[in-house]
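Have a look at the structure below, then the notes.
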Amino acid sequence: IRHYNALLDALGKANRLDDAESLFCEFEKYGLAHDVASHSIMISANGKSGRIDDAERCFRRMKSENVKPNAFTYSALIEAFGRAGRLQKAEETFRSMIEDGVVPNVVAYNALIKVYVKRGKIEKAFKLSEEMTKNGRVPDVITYGTLIDACAKARDVEKAFSVFNELKKHQIKPNRVCYASLIDACAKGKQPERGFEVLQLMKISNTPPDIFAYNALIDACGRAKMVNRAFEVYDEILIAGLIPDRVTFNALISACGRAREVNKAFEALDIMINKYGHEADRHTYNSLIDACGKSEKMMKAFEIYNRMIKNGVRPCVVTYNALIDACGRVRNINLAYELFNKMRKEKIKPDVYTLNTLIAVCGRCGDVEKAFNILKLMIEEENVRPDEVTYNTLIDTLGKKGCLDKAWKLLQDMRNIGLKPT
RNA sequence: UUUAAUAAUUCUUCG
């Protein structure tokens with residue numbers, strides 16, 4: 001049975017889910033009964049390829065075969081729900097695990113903490129980590145790594161460092177993931193200098209920085225619009241004997257875009273493709289489009305868009321949002337709306353970024369009426385939920401037009417829905 | 001030395 005399970009797992013990891021499923025169904029033919037591992041493997045495999053319904057089905061099948069789930073099973077299911085963005089179901093799974101008498105282990109806690117972080121529920125992530133300690137489970141390096149990542153997402157640099165110190169207090173040796181997350185926190189918190197300190201710390205702690213650490217540091221420089229320093233980090237990668245990867249170049253290109261150095265962005269692209277043989281991916285193209293747009297080079301943005309299609313990379317909602325923004329910056333409101341219609345025709349679902357970008361376009365053109373029309377349309381036809389940025393942008397638009405009373409009213413609405421003004 | 005589960009870096013909107 002172990003050999004067959006191993007085979008199941010291998011098929012799953014090779015993304016051959018159908019083959020895995022067939023093999024699973026043939027167990028009986030070989031005189032084998034599915035054990036808890038067989039089922040868990042199937043749940044995990046389906047979850048990892050985003051087939052949450054199938055994962056759930058596997059779980060039900062397990063129960064119908066009277067095989068008792070264990071901690072592996074539940075953790076796999078929690079992760080699967082997390083991947084699908086189903087926080088409630090993940091929580092529910094965690095609870096039913098306890099009800100079933102399966103005591104949550106570190107992995108189960110870590111899995112749920114991760115789901116909280118992914119959904120932006122940072123407080124809950126920390127609460128659960130405290131709860132796990134209360135229940136006698138010892139947080140491990142992954143727990144701390146996840147929590148540092150949580151702080152990064154919340155842009156709370158101080159807290160990231162305090163988690164890092166906590167980790168050391170518990171005599172756990174931070175691994176490269178922890179360091180990279182810590183640098184990422186510095187990046188998101190716009191404190192590149194502290195990122196460099198962390199890199200230094202890695203070196204003196206016998207943890208030579210890897211490509212993740214360097215890439216995060218490039219991003220840290222980029223967010224602070226320090227392009228030259230970003231390229232210095234790139235040089236350091238080479239000196240360290242590491243190979244820059246796609247993310248390295250994408251981060252560099254993004255850095256150039258933020259600093260409005262479009263030409264440099266294309267230089268980086270050239271090195272990426274011609275020197276390292278990395279194909280441009282959707283991040284690359286989207287960053288380039290954004291870089292052009294921010295520098296008010298709309299035509300160039302469209303050139304990149306066409307090139308993207310020609311090279312077989314599918315434009316996504318981010319692509320269109322960036323293009324719409326590019327139009328907005330040169331006040332081309334008609335073209336912006338054309339793009340919006342185009343994306344709908346291509347069945348690409350507009351999101352809240354699309355809405356906010358379009359409102360910003362209207363704002364730049366001083367068209368308050370259009371701004372409110374698009375708001376209505378997005379809510380009613382596209383199920384888009386306005387967020388804090390939506391209100392900020394609308395208020396900004398009204399303010400510029402001198403409609404202060406309406407702006408105040410919106411501010412009230414904002415509070416009523418539970419959004420906090422900034 | 002491993003039959004199964006958990007963490008990190010790059011793309012878009014207002015400020």
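Reminder, nothing fancy here: chain letters follow the sequence lines and each chain counts from 1. Keep in mind that this is a model prediction, so the values were computed, not measured.
- Judged by ring centres under 5.5 Å apart and planes tilted less than 30 degrees, A:Tyr74 fails to stack against the six-membered base ring of B:rA5.
- Taking the side chain of A:Lys48 as heavy atoms from C-beta on, and the options B:rA5, B:rU3, B:rA4, the nearest nucleotide is B:rA5.
- Heavy atoms of A:Ala71 sit under 4.0 angstrom from at least one base atom.
- Using a 4.0 Å heavy-atom criterion, one finds that A:Asp245 contacts no nucleic acid atom at all.
- Neither side chain, A:Asp325 nor A:Thr357, offers a donor N or O lying under 3.5 Å from an acceptor on the other.
- Between A:Glu21 and A:Arg61 there is a salt bridge, with a side-chain nitrogen of the basic residue lying less than 4.0 Å from a carboxylate oxygen of the acidic one.
- Put simply, the side chain of A:Tyr116 does not reach to within 4.5 Å of the side chain of A:Lys127, judged on heavy atoms.
- The pair A:Glu158-A:Arg194 meets the salt-bridge criterion, since a charged nitrogen lies less than 4.0 angstrom from a carboxylate oxygen.
- A:Thr146 comes within 4.0 angstrom of sugar-phosphate atoms only, judged by non-hydrogen atoms across all strands, and of no base.
- Annotation: side chain to side chain donor-acceptor pair (under 3.5 Å) contacts of A:Asp9 (sequence neighbours excluded): A:Lys13.
- A:Lys114 has no side-chain polar atom (N or O) that falls below the 4.0 Å cut-off from OP1 or OP2 of B:rU6.
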Nucleotides 10-15 of chain B: protein proximity per nucleotide (B base, S sugar-phosphate only, - neither; heavy atom, under 4.0 Å): BBBBB-
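- Below the 3.5 angstrom threshold, one finds a donor paired with an acceptor across the side chain of A:Asn175 and the base of B:rA7.
- An OP1 or OP2 oxygen of B:rA5 is reached within less than 4.0 angstrom by a side-chain nitrogen or oxygen of A:Lys13.
- Residue-level contact check: A:Ala6 touches the backbone only, with heavy atoms under 4.0 Å from sugar-phosphate atoms and none from bases.
- Counting heavy atoms from C-beta on, the side chains of A:Phe212 and A:Val247 never come closer than 4.5 Å.
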